[in-house]
Structure formats: structure tokens, C-alpha cells
Amino acid sequence: MAEEKGRVCVTGGTGFLGSWIIKRLLEDGYSVNTTVRADPAERKRDLSFLTNLPNASERLQFFNADLSNPESFSTAIEGCVGIFHTASPIDFAVSEPEEVVTKRTVDGALGILKACVHSKTVKRVIYTSSGSAVSFTGKDKQVLDESDWSDVDLFRTVKPFGWSYGVSKTLAEKAVLQFGEQHGLDVVTLVLPFIVGRFICPKLPDSIEKALVLVLGTNFEPYSTHHISFIFLCLLIEIDLNNFEI
Ligand SMILES: NC(=O)c1ccc[n+]([C@@H]2O[C@H](COP(=O)([O-])OP(=O)(O)OC[C@H]3O[C@@H](n4cnc5c(N)ncnc54)[C@H](OP(=O)(O)O)[C@@H]3O)[C@@H](O)[C@H]2O)c1
């Protein structure tokens, strides 16, 4: 198997971002190891949206891994030159205790970074953080930079919509940056805003569902009409409505 550009690991390959990243990496000539967690109902997962991607049959491999078992990612990372760590519990409804979600997010990320160091082949780690890790400061600041972090205690006290996700992303980003510095690992964190657009995964991504709240009539509290109008405009431009499976 030709691996001219090297092999890259993408965690959370079934997700909105993960699946796009896999598609682009395959198009760009990389080989990809992606991690997928087992279906909770133990059904066989339909991964045809990934296996049917151009070049997938020659260059895409699947591995089972779960953030609840941080060591489970090591086989997928072995021999890779880089990693996109996108897998994350996204539980806006706070159906699990915050400490559980945070521990899974932080320990999972650190397990992945340890496997990267151990591999001796990984040159760079890209971690998808979130605007929620910087925006909930409690201060009236219009421009935020690397020195700004969301206030975890404030999250836990005020409990705004999606607060436990915000706590988990804030603490995970801090942890991965600190680990990178301590171990000389090149860790890049992307502070992503709300993402909308076309998707290639079969499940309607959470962020798109939230953006389409006015269209779908689903119950969702936090965004202003102004914000939603802007997102809706983006969707009109970007989304292929035939792609819907709700
Ligand atoms: N989309 C946005 O607007 C947005 C904004 C800011 C930041 N982000 C960040 O971008 C990344 C990707 O987001 P997304 O929108 O692509 O989310 P997504 O579509 O919900 O994908 C999340 C992925 O994480 C996997 N995952 C969840 N819990 C896991 C666990 N315990 N072990 C292993 N894998 C697990 C999911 O697997 P299953 O298929 O098994 O559920 C799925 O593949 C996340 O880190 C998120 O925090 C996204």
C-alpha cells in the first residue's frame, strides 16, 4: 500500500468534522486511521459513508476506541505522522453528570497525547476545542485572545445552556496545551465557533440541528433571532437539503 504522504489518525470519524477531515485527507493523498466507538446497542455500524469515499478502499482503516478507555486509541495512532482529535462527548442536554463528561473528555484527550508521544512518529496533534472554552468569561470583553478562558466556576454556578460541555472543553484544552508543553509535543488547538454547512455523515450534526431550530421547530433556547438569522443565511447558501436524515 503506497503511503507517500504518511498516515494520519482522525478520532471521531463518524462525526460532522471528523468525516470531512477524512474525506479531505484521502483526497490530499494521505492514508487515514480513524477511530469509531462501538454502537451502544451493539449493532454493526453502517460506515458506508466513509468506506465509499474516493480512495477509502486503499487508504482508510478503522479502529475501535472510546474516550472512556483512553488507552484504546494507541493502536490507531501507531505509525501516524499526525492526528486530528475531534472525538468529544457533546451533551448539551447534560444527561450525564458534568464531572463524568469532563473526566471522559480530559482523560481521553490525555490518553491520546500519551499514545502520540509513545508512537515516536507523530509530529503534530490538532485538537478541536470550542468557542465555549473562551467565551464564558463573565467579563464584558469584545475581543478575546489566547489569554482568555471561560470561567469554569461560573459555568458550574450559572449553568447556562450546554454548560457541562463548556466545562469539559475548557479543561480539556488547558490539559492538552499543558501536556504538549511538558512533553515537547506540537499541539495545536483550534477554537472553533458554531459550525454549519453541508455534512457527509448520516446523522444530522448537533450544530446544524441547533442552527435550523426555526425551520425544524425543535426546542432550543440560547441563540438570539439575530444569530439564528445569520446562521440560516449561511445554511441557505451552503446546505444541500437532500442530505437530510433526521
Ligand atoms: N460542530 C460545531 O459547531 C463545533 C463547534 C465547536 C467545537 N466543535 C468541536 O469539534 C469536534 C467535532 O464536533 P462535531 O460537530 O463533528 O461533533 P459530532 O458530529 O457530534 O461528532 C463527535 C464525534 O465524537 C465521537 N464521540 C463522542 N463520544 C465519544 C466517546 N466517548 N469515545 C469516542 N468517540 C466519541 C462521536 O462518535 P459517535 O458517532 O459514536 O457518537 C462522533 O464521532 C468536537 O471536539 C467538538 O467539541 C464543534
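All values derive from a computational prediction rather than experimental measurement. In each ligand, atom 1 is the first atom listed, and ligand 1 is the first ligand listed.
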For atom 36 (C) of ligand 1, grab the closest protein heavy atom and report residue, atom and distance to one decimal in Å.
Thr14 OG1, 4.1 Å

Ranked by distance from atom 20 (O) of ligand 1, the top protein heavy atom is Ile90 CD1, 3.7 Å

Residue, atom and distance of the protein heavy atom nearest atom 3 (O) of ligand 1 read Ile195 N, 2.7 Å

Leu17 N/O to ligand 1 N/O under 3.5 Å:
yes

Do you know the tightest heavy-atom contact between Gly138 and Leu154?
CA-CD2, 3.5 Å

Using a strict cut-off of 4.0 Å, indicate which atoms of ligand 1 neighbour a heavy atom of Ser207.
1 (N), 2 (C), 3 (O)

For atom 5 (C) of ligand 1, find the nearest protein heavy atom and state the residue, atom name and distance (0.1 Å precision).
Pro193 O, 3.0 Å

Please find the pair of heavy atoms, one from Leu67 and one from His85, that lie closest to each other, and give the distance.
CD2-CE1, 3.8 Å

Of the non-hydrogen atoms in Ile200 and Ser19, which two are nearest, and what is the gap between them?
CD1-O, 3.3 Å

For ligand 1 and Leu67, I'd like to know whether there is a polar contact (N/O to N/O, distance under 3.5 Å).
yes

What atoms of ligand 1 come within less than 4.0 Å of a heavy atom belonging to Arg104?
31 (N)

For Phe194, the ligand 1 atoms with a heavy-atom partner under 4.0 Å come out as 3 (O)

Enumerate the atoms of ligand 1 whose separation from the nearest heavy atom of Asp66 is less than 4.0 angstrom.
30 (C), 31 (N), 32 (N), 33 (C)

Does Ser19 reach ligand 1, in the sense of a heavy atom lying below 4.0 Å from it?
no

Is Glu181 atom CD crowded by more than 12 heavy atoms from other residues, nucleotides or ligands, each under 6.0 Å away?
no

Filtering Ala109, Ser129, Cys201, Ala38 for the heavy atom nearest atom 7 (C) of ligand 1 leaves Ser129

Out of curiosity, Thr102 OG1 to Tyr165 OH, how far, rounded to the nearest 0.5 Å?
12.0 Å

Of all the non-hydrogen atoms in the protein, which one sits nearest to atom 45 (O) of ligand 1, and at what distance?
Lys169 NZ, 2.8 Å

Taking all heavy atoms of Gly29 and all of Arg59, pick out the closest pair and write down the distance.
C-NH1, 3.5 Å

Identity and separation of the nearest protein heavy atom to atom 41 (O) of ligand 1:
Arg37 NH2, 2.9 Å

Can you confirm whether more than 12 heavy atoms, excluding those of Lys123, are under 6.0 Å from its NZ atom?
no

With heavy atoms of Arg45 as the reference, note each atom of ligand 1 found under 4.0 Å away.
38 (P), 39 (O), 40 (O)

Hey, can you tell me if Phe136 and Phe155 have their rings parallel, tilted or perpendicular (30° and 60° cut-offs)?
parallel

Pairwise distance CG(Leu47) to OG1(Thr34) - rounded to 0.5 angstrom:
9.0 Å

Say whether Gly131 and ligand 1 are in contact under the criterion: heavy-atom distance to a ligand atom below 4.0 Å.
no

Could you tell me, atom by atom, which parts of ligand 1 come under 4.0 Å of a heavy atom of Thr86?
11 (C), 12 (C), 44 (C), 45 (O)

Has Ser31 got a side-chain atom pairing as donor or acceptor with Val8's backbone, closer than 3.5 angstrom?
no

Out of Ala65, Ser88, Ser132, the nearest non-hydrogen contact to atom 26 (N) of ligand 1 is supplied by Ser88

Considering all heavy atoms, the nearest Ser150-Ser132 contact
OG-O, 2.6 Å

Looking only at protein heavy atoms, what sits closest to atom 34 (N) of ligand 1 is Ala87 CB, 3.6 Å

Close approach, Asp206 and ligand 1, non-hydrogen under 4.0 angstrom:
no

Would Glu173 and Lys169 count as a salt bridge (Lys or Arg N to Asp or Glu O under 4.0 Å) if you check the C-alpha gap in whole Å, the side-chain angles of each, and the deciding distance to 0.1 Å?
CA-CA 6 Å; Glu173 187 185 351; Lys169 295 303 282 188; over 6 Å; no

Which residue holds the protein heavy atom closest to atom 6 (C) of ligand 1, what is that atom called, and what is the gap in Å?
Leu192 O, 3.3 Å

So, the side chain of Thr35 versus the backbone of Phe63: is there a donor-acceptor pair under 3.5 Å, distance only?
no

Considering non-hydrogen atoms only, spot the tightest contact between Val176 and Ala109 and give its length.
CG1-CB, 3.7 Å

Heavy-atom nearest option to atom 19 (O) of ligand 1, drawn from Phe84, Phe16, Tyr127
Phe16

Please identify which atoms of ligand 1 are closer than 4.0 Å to at least one heavy atom of Gly12.
43 (O)

Could you list which atoms of ligand 1 come closer than 4.0 Å to a heavy atom of Tyr165?
7 (C), 8 (N), 9 (C), 46 (C), 47 (O)

